Structure formats: structure tokens, C-alpha cells
Amino acid sequence: MSDAVSYAGGGDVLIPTRRHVPYCRREKSGYYSLIGNNGSSSFSMINETAREIIELCDGRKTLGEIFACLRDEYPDAQAETIKRDLFNSIDVLYGLRIIGFENKMDAEMNKLENIDSVYSVWIADEEDLPEITSYMRRAEKRQAGVAYCWGEDLARYFDSVNVRRKLFDFSSDYFLLKRADDVRKKAGGEISALIEIEYPTDIFVNSAYVNLVVGDCGHLGSLLRVITKYLRSCRYRSVNSIRIRIPKVDEAYLEDTLSACLEAGFELEAIQRREYGTDSSDLSIYVLHI
């Protein structure tokens, strides 16, 4: 893998592809006004660099290769500045639906590993959306145990559009525990447990948070260890630590989740006094450095 691809955060995996731009005009200021494909009729303004990035998103170049092209185009610019401009532009252009993403990872990579003779761990993709939302509805009805939900808002997981958005803007990964003998490409595979890991929107922050833990508590420690192993070696994620926030008022209710986290190597990092909820209760922060 080239230095440029490595520097761009594992850009050998992601392939941005430009879509039709309904309207684009160069203004006297040197900026461009355009209308995207996100359903809004409002104009957005982009600079010359963003316009060049649109042209580079040809469906063949990876994110890392686009980064390399920009370094060749602007040899006097700092690599960190180019990286920031690239990521910020990609974020804006994706929000306008002027670009989309393809993923070069082989489908078999979605299966991470078996944790015993019965269960294996998968990383979710779009085919899993119906089962994820169905599983969460069963969890709400206590047919599957909710071990932990940050913010206590399970309803946001009932909406496949919301889950799809998190998958496609790469802000979260859903790690699924399934039966190891489900040899199909996960379609229809029954979920036994689920953990959501949310990543920071700031590209300079290298930590992530556990947002949701649902399912068989007996396997949560093993599931967390597989997730840690995956993030340690993942080429397109830069994660050096995982944190989970445990409200003190819920410690008894979350005892199984906390035990699984401690089993996986989490340690108490801090107690934030009077910083959680309407009753200003304490919040315990546990961290796992990877």
C-alpha cells in the first residue's frame, strides 16, 4: 500500500463516484454555485479544490489515489492541509449527494471470525438492514435483551433509513453475532447479539464509542474482543481507543454489560460528576486502549 493511500486513512478501500450535478456555475468570486441531489433546491457554494475533487471522483480512483493526485497538483501544500480539505470536501459533496461510495472490500470480509463452534461475528452491510430493524423491535418488546443503549432512545434503530445513513456515511459499524453455520451471505441470518460502534466526525480524533449492546450477554465479552481485534488491524479506521459511558444511576441495570466490558479489558478512566441527564447524575467513562 502506498504512503499516500496509507496516509489518507485506508483509502485503498473507498471509491468515491461522482453523480450527475443538476446545476453548477462559476461565480466571479472564483467559487462555484451548485444544486445537489439531496432534494433541496437551495444553492451551495464550493471552492475550486472541491470542484477538482468532483472531477477526480470518476468511479475508478480510490480515496487514497485522489489524495495522491492532489499532492501532485499542490506540491507546496502541507499533506495535513490537503487531507483536511479532501475529507471536508468529500463530507460536503456526499451530503449533497453529488458523490456516492463503492467499497472494494470483498464480501467475505464481512465475516470476521468464529468465536466458538456455534457463533461467528459479522460486520453489517445493507443486506442486514431488515434484520437489524426487526431485531431491535423484538428487543424493545423484551424478546431480546437490551443490555445497553446510550441515550436510551431505541426508536432510532427501528428506522432502516437512519441505520442505512450511519452505514453509508461510515459514522458507525454494527457488529452482529450469528450462527457460524449460516453459510449464506448473511441474508436472512438470524442475529443473536448486536453492538454498535460509533466513530468521531472529527478526522483528528482517534477514539470510538460503544452506543448499543443488545442480545446474549454471555457472548458480549467475546464479541467485544473480536471488535477490538478488527479495529486494531482495520486499514480504513484510525481508532486507538474505545469508550463506553455508564450512568451511575444505571450501574445495577447495566451490570452484565459492564462485566462484559471489564472482561474484554475496559478500565475505569474517569467519573464525570453531575454531567448526565435531567437529574445531573454522575457518568462513569470506561476505556479500552487498542
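All figures in this text were calculated on a predicted structure; none of them were measured in a lab.
Ser233 places a side-chain N or O within donor-acceptor distance of the main-chain N or O of Lys229, the cut-off being under 3.5 Å. For the pair Asn88 (side chain) and Arg84 (backbone), a donor-acceptor distance under 3.5 Å is present. Between the side chain of Thr133 and the backbone N or O of Pro130 there is at least one donor-acceptor pair closer than 3.5 Å. With Thr81 contributing its side chain and Ala77 its backbone, the two residues share no donor-acceptor pair below 3.5 Å. Of the possible donor and acceptor atoms, one in the side chain of Arg232 sits under 3.5 Å from a partner among the backbone N and O of Ile290.
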Residues 44-58, side-chain donor-acceptor partners within the protein, below 3.5 Å, at least two apart:
| unit_1 | atom_1 | unit_2 | atom_2 | d |
| --- | --- | --- | --- | --- |
| Asn47 | OD1 | Thr49 | N | 3.2 |
| Asn47 | OD1 | Ala50 | N | 2.8 |
| Glu48 | OE1 | Arg26 | NH1 | 3.4 |
| Glu48 | OE1 | Tyr32 | OH | 3.0 |
| Glu48 | OE2 | Arg51 | NE | 3.1 |
| Glu48 | OE2 | Arg51 | NH2 | 2.7 |
| Arg51 | NE | Tyr32 | OH | 3.2 |
| Glu52 | OE1 | Tyr74 | OH | 3.0 |
| Glu52 | OE2 | Tyr74 | OH | 2.8 |
| Asp58 | OD1 | Arg60 | N | 2.9 |
| Asp58 | OD1 | Lys61 | N | 3.0 |
| Asp58 | OD2 | Arg60 | NH2 | 3.3 |
| Asp58 | OD2 | Lys61 | NZ | 2.6 |

>> Test side chain to side chain donor-acceptor pair (under 3.5 Å) on Asn211 and Arg245; report intermediate values, then the result.
In response: CA-CA 9 Å; Asn211 265 7; Arg245 298 155 288 193; 3.0 Å; yes

> For Leu96 and Leu34, what are the C-alpha separation, side-chain angles and deciding distance, and is it a side-chain contact (heavy atoms from CB on, under 4.5 Å)?
Replying inline: CA-CA 10 Å; Leu96 294 170; Leu34 54 78; 3.8 Å; yes

> Where do Glu190 and Lys178 land on the salt bridge (Lys or Arg N to Asp or Glu O under 4.0 Å) test, with the steps shown first?
Replying inline: CA-CA 6 Å; Glu190 184 175 347; Lys178 295 191 173 189; over 6 Å; no

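Using modelled atom types, one finds no donor on one side chain facing an acceptor on the other under 3.5 Å when comparing Thr17 with Arg19.
The CG atom of Leu224 sits 8.0 Å away from the CG atom of Leu288 when rounded to the nearest 0.5 Å. Interatomic distance, Ile132 CD1 to Arg164 CZ, rounded to the nearest 0.5 Å: 10.5 Å.
Using a 4.0 Å cut-off between charged side-chain N and carboxylate O, Arg138 and Glu131 make a salt bridge. One finds a salt bridge joining Arg25 and Glu27 here, because a Lys/Arg side-chain nitrogen approaches an Asp/Glu carboxylate oxygen to under 4.0 Å.
Every residue two or more places apart in sequence or in another chain that forms a salt bridge (Lys or Arg N to Asp or Glu O under 4.0 Å) with Lys166 is listed here: Glu196, Glu198. Residues meeting the salt bridge (Lys or Arg N to Asp or Glu O under 4.0 Å) test with Asp85, sequence neighbours left out: none.
Contact of the Thr228 side chain with the Ile242 side chain is registered, since non-hydrogen atoms from C-beta on lie closer than 4.5 Å.
Taking the centre and axis of the six-membered ring of Phe158, the NZ or CZ atom of Arg156 falls outside the cone set by 45° and 6.0 Å.
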